[in-house]
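This report concerns only the one structure given below.
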Amino acid sequence: MRFGFAVKVLGEPGLKSNDARRWQSNPHLGVSLNYLQDIIRYLEKKKIRMYRMSSDLAPYITHPEMPQFRNQIDECLDELAYVGRMARAADIRLSFHPSQYIVLNSPEERVADLAIADYHAEARILDEMGQGPEAVVVTHVGGVYNDKSAGMERFIKNYNRLSDTARRRLVIENDETNYSVEDCLYIHSRTGIRIVFDYLHHMNLNPAKWSLSYALGAALATWPADVTPKIHFSSPRTELREVKRKNPITGKSRAELLPPLLDQHSDYINPYEFAFFMEHAEGLREFDVMIEAKGKDLALLRLKENLSKMGLPT
DNA sequence: CGATGTCAAGGAATC
DNA sequence: GATTCCTTGACATCG
């Protein structure tokens, strides 16, 4: 089993995950790839074998009004191949997870077209990096727009408009408010798309009242036999949230403490919670685990420490 | 140098 | 139809 984390490295100062300069300074994939080399060396040192790259690795690559950024992949073919070889040599599984603004099932054609372009760019980066079918682009099904089944149909329709490059890489994840594992399975039955099981989302949205092991097993079964599935795991935040509230009359703002939302991530992973979860995976096929915690790589390394103290595999 | 404002993008709730 | 929240870090600017 591989453990991975997303985007930002906290365990060592100075490691950047993408060229985040403003467009006026011409940020570029080539710069991001230099940063990525440093990250891969760090992952190797820490024996971390899965990593989600920044969705802004190629800045503005699909921006409709900035065509000057459009050819970044072609401008970096050698660098992509080189960094891809580094990742393979270090046995690191790579992935992308486009931001919340990328919505394939949007009724707005402009938005859906942008999503199609975005998935294609990220899939092509993985292709040029020479990554196998385990390197995926993870997305949510999208919005509901007052009609969930229409939302799913629109996802399927637009999925069929994807390039082969994008369709080979794209996978869906169950979310915490709209589309459950059950909904994702329906889309799988119509498209064959693979499902990334998200533990925290499933705990928050499970209208069918499926057991953990049934839902997990169903999601794992959507992956081909020779491709290792992956899942997302996170613990819910328990700390109070400090929210600044503005008085509409006086215009003054003051801090207020509110309970955490159930879908917010904690700093670290509760190792007992993870151990209980793994009991529900007993007898199911093997999978990789993407840790989603505010503590990023620190949370991952701490979880592995805690699990080995508990005598559990890492 | 520290404080503060800003950043490409959508959806949903609220008015 | 317009506004605000969601949520996040780091760039960019200003004093």
Side-chain angles (χ1 to χ4, degrees), chain A residues 5-29 31-32 35 39 52-70 72 96-122 137 139-148 150-152 154-155 158 173 175-179 183 200-201 204-205 234 236-237 239-249 251 253 255-256 258-267 292-299:
Chain A
F5 70 101
V7 186
K8 201 184 172 214
V9 181
L10 299 183
E12 198 170 290
L15 290 178
K16 298 182 169 191
S17 39
N18 65 299
D19 187 356
R21 293 173 299 165
R22 302 283 156 84
W23 65 265
Q24 293 88 338
S25 329
N26 292 308
H28 201 277
L29 172 62
V31 176
S32 292
Y35 296 158
I39 290 179
R52 177 195 301 168
M53 297 183 283
S54 166
S55 52
D56 294 321
L57 204 69
Y60 302 99
I61 189 166
T62 59
H63 194 297
E65 270 116 54
M66 301 205 221
Q68 70 270 33
F69 291 101
R70 203 70 32 91
Q72 288 177 81
F96 280 114
H97 195 334
S99 79
Q100 60 179 127
Y101 301 108
I102 304 303
V103 187
L104 183 64
N105 83 337
S106 174
E108 276 190 67
E109 200 176 354
R110 177 185 59 85
V111 175
D113 288 350
L114 202 59
I116 289 171
D118 206 78
Y119 299 144
H120 178 76
E122 287 175 346
V137 177
T139 193
H140 292 288
V141 178
V144 166
Y145 318 94
N146 296 319
D147 187 344
K148 200 164 80 167
M152 292 199 282
R154 211 162 37 242
F155 182 95
N158 288 335
E173 169 192 351
D175 69 65
E176 74 276 23
T177 49
N178 300 334
Y179 296 97
D183 299 324
L200 188 62
H201 293 165
N204 284 313
L205 180 70
S234 41
R237 174 175 174 166
E239 297 79 13
L240 294 168
R241 293 177 295 147
E242 190 176 308
V243 175
K244 290 224 193 315
R245 213 165 255 294
K246 210 182 220 173
N247 185 315
I249 297 158
S253 62
E256 198 176 342
L258 297 175
L261 302 171
L262 271 175
D263 57 7
Q264 289 193 329
H265 296 161
S266 59
D267 293 347
E292 295 181 321
K294 291 202 236 186
K296 304 291 180 185
D297 49 321
L298 299 178

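Since this is a predicted model, take the numbers as computed values, not measurements. Order of the sequence lines fixes the chain letters, A, B, ..., with proteins taken first and strands second; residue numbering starts at 1 for each chain.
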[X] [atom1] to [N] [atom2]: how many Å, rounded?
{"X": "His63(A)", "N": "dA9(B)", "atom1": "NE2", "atom2": "C1'", "answer": "7 Å"}
{"X": "Asp175(A)", "N": "dG10(B)", "atom1": "CG", "atom2": "P", "answer": "18 Å"}
{"X": "Glu65(A)", "N": "dA9(B)", "atom1": "CD", "atom2": "P", "answer": "9 Å"}

Under a 3.5 Å cut-off for both distances, is [N] Watson-Crick or wobble paired, and to whom?
{"N": "dC15(B)", "value": "dG1(C)"}
{"N": "dA8(B)", "value": "none"}
{"N": "dT8(C)", "value": "none"}

Side-chain N or O of [X] versus OP1/OP2 of [N]: is the shortest distance under 4.0 Å?
{"X": "Arg110(A)", "N": "dA9(B)", "answer": "no"}
{"X": "Tyr145(A)", "N": "dA12(B)", "answer": "no"}
{"X": "Ser106(A)", "N": "dG11(B)", "answer": "yes"}
{"X": "Lys294(A)", "N": "dT7(C)", "answer": "no"}
{"X": "Lys16(A)", "N": "dG9(C)", "answer": "no"}
{"X": "Tyr101(A)", "N": "dA8(B)", "answer": "no"}

Using only heavy-atom distances, decide whether a donor-acceptor pair under 3.5 angstrom links the side-chain of Asp118(A) to the base of dA8(B). no
For [N] and [M], measure between their [atom1] atoms and round to the nearest Å.
{"N": "dA12(B)", "M": "dT7(C)", "atom1": "C1'", "result": "15 Å"}
{"N": "dA10(C)", "M": "dG11(B)", "atom1": "P", "result": "27 Å"}
{"N": "dT4(C)", "M": "dG5(B)", "atom1": "P", "result": "16 Å"}
{"N": "dA8(B)", "M": "dC11(C)", "atom1": "C1'", "result": "15 Å"}

Side chain of [X] (C-beta onward), nearest among [options]:
{"X": "Ser99(A)", "options": "dG10(B), dA9(B), dA10(C)", "value": "dA9(B)"}
{"X": "Asn178(A)", "options": "dA9(B), dG9(C), dA12(B)", "value": "dA12(B)"}
{"X": "Gln100(A)", "options": "dG10(B), dA9(B), dC7(B)", "value": "dG10(B)"}

Judged by atom type as modelled, is there a donor-acceptor pair below 3.5 Å linking the side chain of Arg154(A) to the main-chain atoms of Asn105(A)? yes
Report yes if some heavy atom in the side chain of [X] is under 4.5 Å from a heavy atom in the side chain of [Y]; otherwise report no.
{"X": "Tyr119(A)", "Y": "Leu104(A)", "value": "yes"}
{"X": "Trp23(A)", "Y": "Met66(A)", "value": "yes"}
{"X": "Phe69(A)", "Y": "Thr62(A)", "value": "no"}

So is Arg70(A) actually on top of Tyr60(A)'s ring, under 6.0 Å and inside 45° of the axis? no
Nearest non-hydrogen partners of Leu29(A) and Pro59(A), listed with the distance: N-CD, 3.8 Å
Taking all heavy atoms of Ile39(A) and all of Ser17(A), pick out the closest pair and write down the distance. CD1-CA, 3.8 Å
Do His97(A) and Glu173(A) have side-chain N/O donor and acceptor atoms under 3.5 Å apart? yes
Show the distances under 3.5 angstrom between N or O atoms of the protein and N or O atoms of nucleotides 12-15 of chain C.
| unit_1 | atom_1 | unit_2 | atom_2 | d |
| --- | --- | --- | --- | --- |
| dA12(C) | OP1 | Arg22(A) | N | 2.9 |
| dA12(C) | OP1 | Ser25(A) | OG | 3.2 |

